[in-house]
Amino acid sequence: MQHVIVGAGPAGVVAAETLRKLDPDADITIIGDEPEPPYSRMAIPYYLIDNIEESGSYLRDPDKHFKAQNIEVVQQRVDKIDAKAKKLTLADGSSRDYDKLLIATGSHPISPPIPGLDLPQVHSCWTLEDARNIIRLAKSGSNVVLIGAGFIGCIILEALVKRGVHLAVVEMGNRMVPRMLDEKAGGLLETWCKNKGIDVHTSCSVDGIEAAADDQVEVNLSDGSKLSAALVITATGVKANTDLLEGTDINIDQGVLVNRRMQTSNPDIYAAGDVAQGVDFSTGNFEVQAIQPTATDHGRVAALNMAGKDDEHHGTLNMNVLDTVGLVSCSFGLWMGVDGGDSAELYNEDEFQYINLQFEGDHLVGASSVGKTQHVGVLRGLIESKIHLGDWKNRLMQDPTAIMEAYVACTQELSYS
Amino acid sequence: MNVSIEFYASLMKYLPPGKSRFRREIKVDNGLRLSRLIEQYHISPEEAHLVLVNGLFVCGEDRAERELVEGDVISIWPPVAGG
Amino acid sequence: MSWTRKILRVDLSKGTCTSEPLNMEWANQYLGQRGLASKYLTEEVDPKCDALGPDNKMIMATGPLTGTMASTGGRYSVICKSPLTGAIACSNSGGFFGAELKFAGWDMIIFEGKSDKPVYLLIQDDKAELRPGDGIWGKSAWETDDILHQTHQDPQLRVACVGRTAEHGCLYSAVMNDKHRAAGRSGVGTVMASKNLKAVAVRGTGGIGNINDAKAFMAATNDGKAVLAENAVTGQGLPAYGTQVLMNVINGVGALPARNMRDVGFEGAENISAEAMAEPRKSDGRPNLTTNGACFSCTIACGRISTVDPTHFSVKDKPEYQGASGGLEYEAAWALGADTGVDDLDALTYINFLCNEDGMDPITYGATVAAAMEMFEDGTITTKETGGIELKFGSAEAFVAITEQFVTGEGFAADLGMGSKRLCEKYGKPDLSMTVKGQEFPAYDPRGIQGIGLAYATSNRGACHLRGYTIASEVLGIPVKTEMNDTDGKAELVKAFQDATALVDSAGLCVFTTFAWGMDNIAPQIDAACEGDWSVENCLETGERIWNMERLFNEAAGFTADDDKLPKRLLKEVIKHGPTEGQVNRLGEMLPKYYEVRGWTADGKIPDETRQRLSL
Amino acid sequence: MQKSLNIDPGKCTGCLQCEMACSYEHTGTFNPSRSYIKVFTFHHEGRFAPYTCTQCDEAWCMRACPVDAISVDLATGAKVISDDKCVGCKVCTIACPFGTVNYSQATGKVVKCDLCGGDPQCAAACPTDAITYVDADWTGYDRMLASAAKSLPSAEATT
């Protein structure tokens, strides 16, 4: 059996490992186009503040792990897929046959339509190579403008602050991380960032970037302000890397369309991770989530099916955890709530604390929090297990911080022996 | 002769069936010694920590000598304390 | 060393919170908690000051073993001048608040002055600040606890606060912590409220890592825990039956006072006993006792967690009182029950809940209601004063009604809130107040048990069993049995218990450990935790030093040997029946001997040589 | 035979000896806020429930970790965090549906139960045997796994 995985991110690596567990004799190959061992983007912020070496971002020990697992890792770009012949053509002209193919090519940052993005002071923050450029330009005392206060933008805020730059953030939405947090929570993040000396512009866009003297650029904002910067970082969202499949008959929407087995419209080709438009646990719709836990879930489910186990995925829960200059926030599932559902929240502006729970009937369907680090995972447990909370729903309506108590009470026998 | 026994706390399990919470009226041989009565109910010397006859404390050494008389009320507690 | 070496000083007049180093010289002389805080109080407060004025201070203090793995090492005390007695007040509480304060990095908090508006103190590790208390003033202690948890969104926040009775000026209000633990006696909560301080909320994440000899400490505390586990009282009796097991014992030996100590022996005792608490009831098949619960670090776990019968008249229409909460402990069960003649377990449990919720000392409250009942029965007090309530001995309905009125501060509450001494004086019957130095007795009649009478009479905070629990010896045979009705040797016994208890209270430990532990179990734990010499001898001398220091405070406050006395009833009115029939307390036979073994003068003064011996 | 922590909430008195033992073992301080086992109090019911990682086979935390910082201790079966590798990204804290992997402000890393290398101190300190360390095929462990599996449909997929 020949399993070929295109993409060396978390989805690809977990898929390869799962395949190995299920089939000790299969040929398994990961083909990645970045000139690095498989690494994790989640680690980049920590690399930016010198907390870790580059090697600290590696998904697995590159020298030992893949060899020990008998997984071949190839650093090449894949140019073409011949789905009929079940053959890949690589950039160096060589080719690979496969029995089952997994597309785990991830996503790439979107460049917004802003004049001046091609200036050498402008970078995205997506790859290790981007990180190296940021380190080079984000010197202590220099001015840096970050375009986009989404998830990716926010996770590198702390790194930039710690590097000692003067930081301005420009976000088109009316709050920070608008696709992850509601107005109250996003507002807390904004105040927090401002207190830390970050110049935050929300409901604001960048009209253009122009070269200026001394290797600086000038960033013109829609609110009329002009910011001088040595470095501009764009973090305005990502898009699935579906190019490879253009021209095949595989169905593509926002990402590669897959069924609950992570199978594309071609039964021998699967897709996983940021590139895949898989089933969402909460809505049952097929969506691109582009988050780390979903990537690993996808990788596992795809591998199960590639190895012949018939495993239908119940869907991945959209969730995020974010550390914004020391303020931890997270959100799960339908954090914005559902029609006819109940919600409970506690909000303490002074202490930067927030918790919001969203119910449908007596089960939890979404949640978000700010300033909490303990037991937050149980929100996933409560949502994904669809636990009937019974009386505990009323208690959570009164005190939404009692999430762990609710979970323990609903799952453990609290009787006496 | 007739005496009453009262077993409290964890010693309640040694009481013969009856209605009252702690107290049983029982018949015993005339001249029965206190320590013998305690043995008859399988209460160990460690368990019979506080022993009163008619509300008066009888220490461990005196129990073997103490003869019960008609109408005595014998109350027994395991080691307990409070405050 | 185990002390954090840091004191938080809160000036409520100025609204400031400042950190200062712990006086280590004093710490080495007075250990911590009761002893050390009393030292600060005696140095900083004029004993003649108005207890409810801004010149009184209130200290919340932990011991060096508070917050450690030493069994029961979770206690703190509240120290101030008492508004009930005018003497030194030191009330000890378990729960989780004390340990949390230590984890936040503080040995003690000294509150001084008075805030002009209601406030609460928020401590988050080394950050401490006063916050506006508008949202919690006027709320019960339970509501306050809930509101602060919700405001700060932290389930781990620990709260000590006062209920509504303290705000209304009840002179025996407690500081409540963790909802149902109390620094209960002598009105320390009233002092807190007088400063417009509603609550202290604390969260500590630093922990305790500065044990002097950590390895020796773990060995000593493990040995201590093994002793507690193997001892029949602390290993089995207390967890299973709690302190309430004493109800039948003390009744059985003829020393259970009843009906304002007019009688000895209570016919309803068994209905409100530990055994009754464990019996399934008819309505729902569940017992009153839900489980036993522990305070922080305690491997005994004597605490009662109870529910009231949901069909009982007191809670039938009140679902908020149908859940579990802190149940009856012996002293509360006696004062609320036998002393008022009420043997309705559910009514007493409910009233106990209300005592916890609004923070009144159930001993003094029960005894004060009992005094009122005696005056109601003799016609001194009528339904005119009680707002129509037939306040008769034995009436659960009347007791529930008057308590519900009391917590709101309405009706007869102002009179009952004075405590029995002032109440009986007000109505011209001063002899009906069963108090020493103005504080009500606990549940052991000194006519039946001689030594405890001496302990009551000489207690530095007024009548109290926890200042020298000679019951352990006189009734329970711990460590050795002494005769209840003997006066010989009782002076020495009382002194030994008083000094040892002062030391245990100052370490951060619970006095209940002493049912199993001797000083040779306790001293090694302190010695491993703290720098300095904490041998058995030094521990006992420290206890004696503390006792004498407290006495000196009272002396300066105006107390004399004339205050080391018992009410006439206990000296003159004989017990009418039962095994102790014909007895009175023979305090006169014991008191001179007590002064002598203490090294005091015949009129109860502490002479220079005794002061020098104890470095006072 | 691998062993596991077995928790009987009915025996717990809420004394927190387990939390102190855990924090002492892992941080050298008595510090419940840094304990990996947590006792939950149910005041209204009069119940206490110690709770910590069940070392589930599914190991959601381990799979979600982007930098391979969580591995299996082959001797005990514990999923163990390597402080050297953990970058503190917190993805595992939202991935663990039991809420038993937590971020520690004190260290900037995540923390979880590691079974103390085979001698769990919480069990050793528990005065009432509410926490015991027993053979993994003991019924309590099965029950706990079953409850996890039941609550999370895909839990058994790779086991």
Side-chain angles (χ1 to χ4, degrees), chain A residues 10 14 18 21-22 39-43 45-47 51-52 56-61 65 155 292-293 296-297 300-301 304 309 311 313-314 319-323 326 328 330 332 373-382 384-385 387 395 403-405 407-409 411-417, chain D residues 7-12 33 38 40-51 58 60-69 84-105 108 110 129-130 140 143-144 147-148 150-155 157-158:
Chain A
V14 167
T18 310
K21 208 164 161 184
L22 297 167
Y39 70 94
S40 170
R41 300 191 202 292
M42 290 299 295
Y46 307 94
Y47 170 58
N51 255 7
I52 53 169
S57 72
Y58 296 164
L59 279 165
R60 304 289 185 260
D61 182 337
H65 179 77
I155 60 171
Q292 163 99 14
T296 57
D297 256 15
R300 188 180 58 89
V301 176
L304 286 168
K309 309 260 175 204
D311 188 68
H313 195 21
H314 71 288
M319 56 187 177
N320 274 300
V321 61
L322 179 62
D323 187 338
V328 178
C330 55
F332 296 84
T373 57
Q374 300 304 294
H375 315 305
V376 286
V378 82
L379 290 168
R380 176 190 188 176
L382 284 167
E384 222 167 318
S385 58
I387 282 175
R395 294 215 211 171
I403 48 174
M404 196 65 189
E405 286 81 355
Y407 183 79
V408 172
T411 57
Q412 304 296 303
E413 276 178 47
L414 294 183
S415 62
Y416 286 102
S417 54
Chain D
I7 293 174
D8 181 352
K11 290 181 176 169
C12 179
S33 69
K38 185 89 212 107
F40 293 93
T41 299
F42 298 89
H43 187 90
H44 193 76
E45 289 80 4
R47 292 285 189 276
F48 308 95
Y51 198 70
E58 180 69 358
W60 315 74
C61 59
M62 192 163 84
R63 204 171 62 226
C65 176
V67 293
D68 205 21
D84 291 343
K85 289 186 180 170
C86 174
V87 296
C89 77
K90 310 170 194 66
V91 170
C92 57
T93 71
I94 58 168
C96 168
F98 310 108
T100 54
V101 189
N102 291 307
Y103 178 64
S104 165
Q105 300 277 7
V110 295
D129 287 341
R143 194 181 64 217
M144 217 177 287
S147 116
K150 187 178 63 192
S151 65
L152 293 149
S154 67
T158 56

Separation between NZ (D:Lys90) and CD1 (A:Ile155), nearest 0.5 Å, reads 10.0 Å
Residue from D:Val67, D:Ile94, D:Val91, D:Asp68 scoring the most non-hydrogen pairs under 4.5 Å with chain A is D:Ile94
Of the listed A:Asn51, A:Ile52, A:Val301, A:Asp323, the one with the largest count of heavy-atom pairs under 4.5 Å with chain D is A:Asp323
Under 4.5 Å to a heavy atom of chain D? For A:Leu59 that would be both
Residues A:Met404 and D:Gly99: closest non-hydrogen pair is CE-O, 4.2 Å
Okay, A:Arg395 and chain D: the region with an atom under 4.5 Å from a heavy atom over there is side chain
So, the part of A:Tyr47 with a heavy atom under 4.5 Å from chain D: the answer is neither
The interface call for A:Tyr46 against chain D, heavy-atom contacts under 4.5 Å, is side chain
Whatever's closer than 4.5 Å to a heavy atom in chain D on A:Gln374 counts as both
Heaviest contributor of heavy-atom pairs below 4.5 Å to chain A, chosen from D:Thr93, D:Val101, D:Val87, is D:Val87
In this structure, CH2 of D:Trp60 is separated from OG1 of A:Thr296 (nearest 0.5 Å) by 10.0 Å
With chain A, the option among D:Cys65, D:Ala95, D:Gly88 that has the most non-hydrogen atom pairs under 4.5 Å is D:Ala95
Assert top hit (heavy-atom pairs under 4.5 Å, partner chain D, pool A:Arg41, A:Met42, A:Glu405, A:His65) equals A:Glu405
Might you work through the side chain to side chain contact (heavy atoms under 4.5 Å, CB included) test for D:Phe40 and A:His375, ending with a clear yes or no? CA-CA 12 Å; D:Phe40 293 93; A:His375 315 305; 3.8 Å; yes
So, the part of A:Val376 with a heavy atom under 4.5 Å from chain D: the answer is both
In short, D:Cys89 meets A:Val321 closest at the heavy-atom pair O-CG1, 3.9 Å
